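These numbers come from the heavy atoms of this one structure, side chains and all, not from hydrogens, waters or symmetry mates. Convention: sequence-line order gives letters A, B, ...; per-chain numbering from 1. All of these numbers come straight from a predicted model, not from anything done at the bench.
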Protein chains: 2
Amino acid sequence: MENSRDQGRPGGRKSAGGKARRQSERLIMNAAERIFAVRGFSGATMEQIAAAAGVPKANIHYYFGTKKNLYQRLIRDICEEWLAAAQSFDDDVPLRALRGYIEAKMDQAWERPYGSRLWANEILAGAPFAAGYISAELHEWLLSRERIIGRWIVEGRIRPVEPRTLIYMIWASTQHYADFASQITLLNNGKALDKESFLAAKRSIADIVLNGLAPLSAKNSP
Amino acid sequence: MENSRDQGRPGGRKSAGGKARRQSERLIMNAAERIFAVRGFSGATMEQIAAAAGVPKANIHYYFGTKKNLYQRLIRDICEEWLAAAQSFDDDVPLRALRGYIEAKMDQAWERPYGSRLWANEILAGAPFAAGYISAELHEWLLSRERIIGRWIVEGRIRPVEPRTLIYMIWASTQHYADFASQITLLNNGKALDKESFLAAKRSIADIVLNGLAPLSAKNSP
DNA sequence: GTCTATAATCTGATAGAC
DNA sequence: GTCTATCAGATTATAGAC
């Protein structure tokens, strides 16, 4: 009656499993995200991850098979979450869409900084695992938003700027607060940025960008 | 007559040596910069660096002693070069100082992309080697420029923004073109950004930032 | 100074007891 | 499912011939 396909290494079923499995996987993935974010794929060791998760090394292999596999799961996870922020760029009022997007990206940098850093590390390494996702979903999203921004420019609703540069600026400026957190901390007398300073930065970034885009007419008078 | 302190491993003299030494060191450092930039300190291997430099592994140890030592030399080198760009933030006309600085940072991202990426990797890792430099020289520079920007605001020459956020935005936006080059390439149909697109991005970033800072009065009319 | 060979340690992965 | 013990290969560093 027992089906041997279903025990032992994962993969027998799609990726289901009891709550014990799910719980262990979550524990390991959280630890792995931190370690990979700091050391990169090749720099991280399974032992460091095991120690951070508080489990024996062998358990990680039991649940994820290989280091590569574990890493890929995280990349996929981060891509999926990224889509959430991407959706917030969707109002038809330029300044509202852009402010919403900037705020969503900043919230993400605050709430899941290690995800952002893992991504940065992956890109620095040449995007060996994320390339497919970038060329497909991300590229598509980028093109669609460029079209929207282009339309706003034609309609005179924002100042003429290169849409792509604008989007890169938003990515860079928001992710900076996660990716360069250790530098920011050192420049803040060794104290990590508190929530208030972070919120101030969020507003400030949005203000600079949005003022930079305000059309020549319709100046914002008090 | 011969002094044994002066042969064998470096360190006998400060860091002098014949042209052969200097040439070999330069060759190895260039290769190491590329490898460390992509894999990070712990992810890079001496063998990869040796292969990239086209020398036997043992030679690297002969010239630099340890991996750590080689890496530290690079960090120092990059810090020093960074100071050059920092100097360009020095005009008393706000828009000129800022545009000059943005352009200097962009030029650096173009000319020495691996230096920027190595730095990014170091920060992601928690700045274990660069911490001292960041807390001292970089912090000092940052404070001095914040004072200048603050003065401009008081004098009504630029819109009131958080000076630190502004500087972080400039760092992030310019370094993005070096650090995230692989992502940018993938989003550009697999072709690296050419010089023209890069120059366009440089102008575009400066435009957005500077427009974002233009004071409420004295609007730029045609 | 340059290079091959090798020592000492670390790392990903697995075996197999519980 | 969990954990200890361990293997095979990689990795930093050195020894020593040339």
Participant: What pairs of residues pass the side-chain hydrogen bond (donor to acceptor under 3.5 Å, both in side chains) test when at least one of them lies in residues 182-193 of chain A, not counting sequence neighbours?
Facilitator: A:Gln183-B:Trp119
Participant: Given side chains that start at C-beta, do those of A:Arg76 and A:Phe129 come closer than 4.5 Å, heavy atoms only?
Facilitator: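 Not touching, per the 4.5 Å side-chain cut-off.
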Participant: Is there a residue in residues 30-50 of chain B whose heavy atoms reach under 4.0 Å of DNA chain D, and which residues are they?
Facilitator: B:Ala44, B:Thr45, B:Met46
Participant: Rounding to a whole Å, what distance do you find between A:Lys67:NZ and C:dT14:C1'?
Facilitator: 17 Å
Participant: Using side chain to side chain donor-acceptor pair (under 3.5 Å) as the criterion, list what pairs up with B:Glu47, not counting sequence neighbours.
Facilitator: none
Participant: Which parts of nucleotides 2-7 of chain C does protein reach within less than 4.0 Å, heavy atoms only, written one letter per nucleotide 5' to 3' as B for base, S for sugar-phosphate only and - for none?
Facilitator: BBB---
Participant: For A:Tyr101, enumerate each residue passing the ring pair (Phe, Tyr, Trp, His ring centres under 6.0 Å) test, keeping only those at least two apart in sequence or located in another chain.
Facilitator: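 So A:Tyr101 forms a ring pair (Phe, Tyr, Trp, His ring centres under 6.0 Å) with A:Phe89, A:Trp141.
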Participant: Starting from C1' on D:dA13, measure out to OH on B:Tyr71 and report it in whole angstrom.
Facilitator: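 Answer to the nearest Å: 20 Å.
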Participant: Does A:Arg164 have any side chain to side chain donor-acceptor pair (under 3.5 Å) partners at least two apart in sequence or in another chain, and if so, which?
Facilitator: A:Glu146
Participant: Just to verify, what does A:Ala181 make a side-chain contact (heavy atoms from CB on, under 4.5 Å) with, not counting sequence neighbours?
Facilitator: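 side-chain contact (heavy atoms from CB on, under 4.5 Å) list for A:Ala181, sorted by chain: A:Arg117.
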Participant: Quick one: ring pair (Phe, Tyr, Trp, His ring centres under 6.0 Å) partners of B:Tyr114, sequence neighbours excluded?
Facilitator: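 For B:Tyr114, no residue satisfies ring pair (Phe, Tyr, Trp, His ring centres under 6.0 Å) once neighbours in sequence are set aside.
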Participant: What residues form a salt bridge (charged side-chain N to carboxylate O under 4.0 Å, His left out) with B:Arg34, not counting sequence neighbours?
Facilitator: none
Participant: Rounded to the nearest angstrom, tell me the gap between atom NZ in B:Lys68 and atom C1' in D:dT11.
Facilitator: 16 Å
Participant: Over how many whole Å does the gap from A:His61 atom NE2 to C:dA13 atom C1' extend?
Facilitator: 5 Å
